[in-house]
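These notes are about the structure you will find just below.
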Amino acid sequence: MKDWAGVGEAYSASYAALCAGTLPAMSAMLGPAVGRDLVDVGSGDGTLAAAWAEQGWSVTACEPEETMRSASLRRHPHIQTVAGRLPSLPFDDEDFDVAVANFVLNHVDSPRSAAAELRRVSRGAVIASIWTRSPSWLWAEVTERAGVVPLAGGRLAPEEEFERTPEGFEGMLREAGLAALDVAEHTWVWKADPGALWTSVEGGVAGADALYASLGAADRERFRHAFDAVVAERVIDDLLPLEHTAAIAASAAR
């Protein structure tokens, strides 16, 4: 699976805002905070954790990657941020009212084991999301226009794979032991700064980063020109409106 080492600042400058786009749908599924506590697993730079805190949740952010934690602590010092990695979190059974994993189960080697661990640490609901239309669609278009050969994406072991649809996501979570699931798709438009998007490529965040890093100088130039052409065609008021869709699943409280 993708190596996120050292990408905290580049992620914070780019895709952190996109990934927080699930907040309205997740909030509607969970209801009011009313004094409840929540662990945000795979919390990245803390953008979503801070948004949960603003809603009144008592939040613990849990993130395995050091530069992500550093970005979180610098930007959101009021959020308790701890080191921890699925599928073995540093918490006791039923430590939290809610466990959240936003775009995390699509980045682990064993999604079912990871989902079961979320269930272990929650005495209430588990809420998680995956992409059904991810940021990779933009980079696939840039790659095709540049005329470079895309890299083969990393895949899970056959026994760990699941279909990236609401139905496939729900089935995988049920196999992991989660019950009474409410699953819905959420679509939103992220108005991205093109400069931040390019920073994500050079900083190792975007789906195209490994491809770009593998290219020679001439192909890199073609890739950049293709990106600029796509931006020129789509940009509105200096921002790039990009549609994304996630499947969001919430389990009932125990």
Side-chain angles (χ1 to χ4, degrees), residues 1-23 26-27 33 37-92 95-96 98-111 114 117-118 121-122 126-131 134-136 139 154 190-213 244 246:
M1 303 303 286
K2 180 174 173 57
D3 181 5
W4 291 89
V7 305
E9 290 300 323
Y11 173 81
S12 188
S14 56
Y15 283 99
L18 167 63
C19 293
T22 54
L23 179 67
M26 285 185 161
S27 297
D37 59 6
L38 174 154
V39 61
D40 185 354
V41 178
S43 55
D45 77 331
T47 296
L48 188 61
W52 288 118
E54 288 176 3
Q55 291 187 354
W57 293 89
S58 175
V59 177
T60 298
C62 183
E63 168 58 43
E65 207 283 314
E66 182 178 3
T67 64
M68 293 281 201
R69 293 197 305 273
S70 296
S72 180
L73 290 168
R74 185 162 51 256
R75 289 164 172 74
H76 312 290
H78 60 293
I79 300 295
Q80 180 187 5
T81 303
V82 301
R85 181 184 301 274
L86 288 168
S88 182
L89 298 175
F91 307 116
D92 292 333
D95 248 1
F96 301 94
V98 173
V100 175
N102 192 41
F103 303 118
V104 174
L105 297 183
N106 48 304
H107 287 301
V108 296
D109 291 329
S110 179
E117 180 71 350
L118 296 172
V121 302
S122 175
V126 170
I127 189 161
S129 62
I130 61 166
W131 296 111
S134 76
S136 62
W139 300 111
W190 177 43
K191 295 181 179 179
D193 177 347
L197 275 178
W198 189 253
T199 295
S200 75
V201 175
E202 294 184 328
V205 181
D209 70 290
L211 171 61
Y212 184 76
H244 298 80

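Scope of the values below: all heavy atoms of this structure, side chains included, with no hydrogens, waters or symmetry mates. It should be emphasised that the depicted structure is a prediction, and the values quoted were computed from it without experimental measurement.
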Shortest non-hydrogen contact from [X] to [Y]?
| X | Y | result |
| --- | --- | --- |
| Val7 | Met68 | CG2-CE, 3.9 Å |
| Asp209 | Val201 | CB-O, 3.5 Å |
| Thr47 | Ala20 | CG2-CB, 3.9 Å |
| Ala128 | Leu105 | CB-CD1, 3.9 Å |
| Arg75 | Ser12 | NE-OG, 2.9 Å |
| Ile79 | Ala53 | CD1-CB, 3.6 Å |

Donor-acceptor pair, distance only, cut-off 3.5 Å: does the side chain of [X] make one with the backbone of [Y]?
| X | Y | result |
| --- | --- | --- |
| Ser43 | Ala61 | no |
| Thr199 | Gly195 | yes |
| Glu63 | Thr81 | no |
| Arg69 | Val82 | no |

Does Glu66 CD have over 12 foreign heavy atoms under 6.0 Å away?
->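 No, not enclosed.
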
Are Tyr212 and Trp198 close enough that their ring centers fall under 6.0 Å?
-> yes

Do the rings of Trp57 and Trp52 sit parallel, tilted or perpendicular, given the 30° and 60° boundaries?
->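 Taking Trp52 first and then Trp57, their aromatic rings stand perpendicular (interplane angle over 60°).
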
How are the rings of Phe96 and Phe91 set relative to one another: parallel (under 30°), tilted (30 to 60°) or perpendicular (over 60°)?
->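 Geometry flag for Phe91 against Phe96: perpendicular rings.
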
Distance, nearest 0.5 Å, that separates [atom1] of [X] from [atom2] of [Y]:
| X | Y | atom1 | atom2 | answer |
| --- | --- | --- | --- | --- |
| Ile127 | Ser27 | CD1 | OG | 8.0 Å |
| Asn102 | Met26 | CG | CE | 4.0 Å |
| Gln80 | Leu73 | CD | CG | 10.0 Å |

Do the non-hydrogen side-chain atoms of [X] and [Y] ever get within less than 4.5 Å of each other?
| X | Y | answer |
| --- | --- | --- |
| His244 | Pro135 | yes |
| Val100 | Val39 | no |
| Leu86 | Val104 | yes |
| Tyr15 | Ser200 | yes |
| Asp40 | Thr60 | no |
| Cys19 | Trp131 | yes |
| Val59 | Asp37 | no |

Results of side chain to side chain donor-acceptor pair (under 3.5 Å) for Glu54 - residues two or more places apart only | none

Ser70: side chain to side chain donor-acceptor pair (under 3.5 Å) partners, not counting sequence neighbours | none

Distance-only side-chain donor-acceptor flag, Ser72 / Asp45, under 3.5 Å = no

Please list, chain by chain and in numerical order, all residues satisfying side chain to side chain contact (heavy atoms under 4.5 Å, CB included) with Ala51, sequence neighbours excluded.
-> Leu23

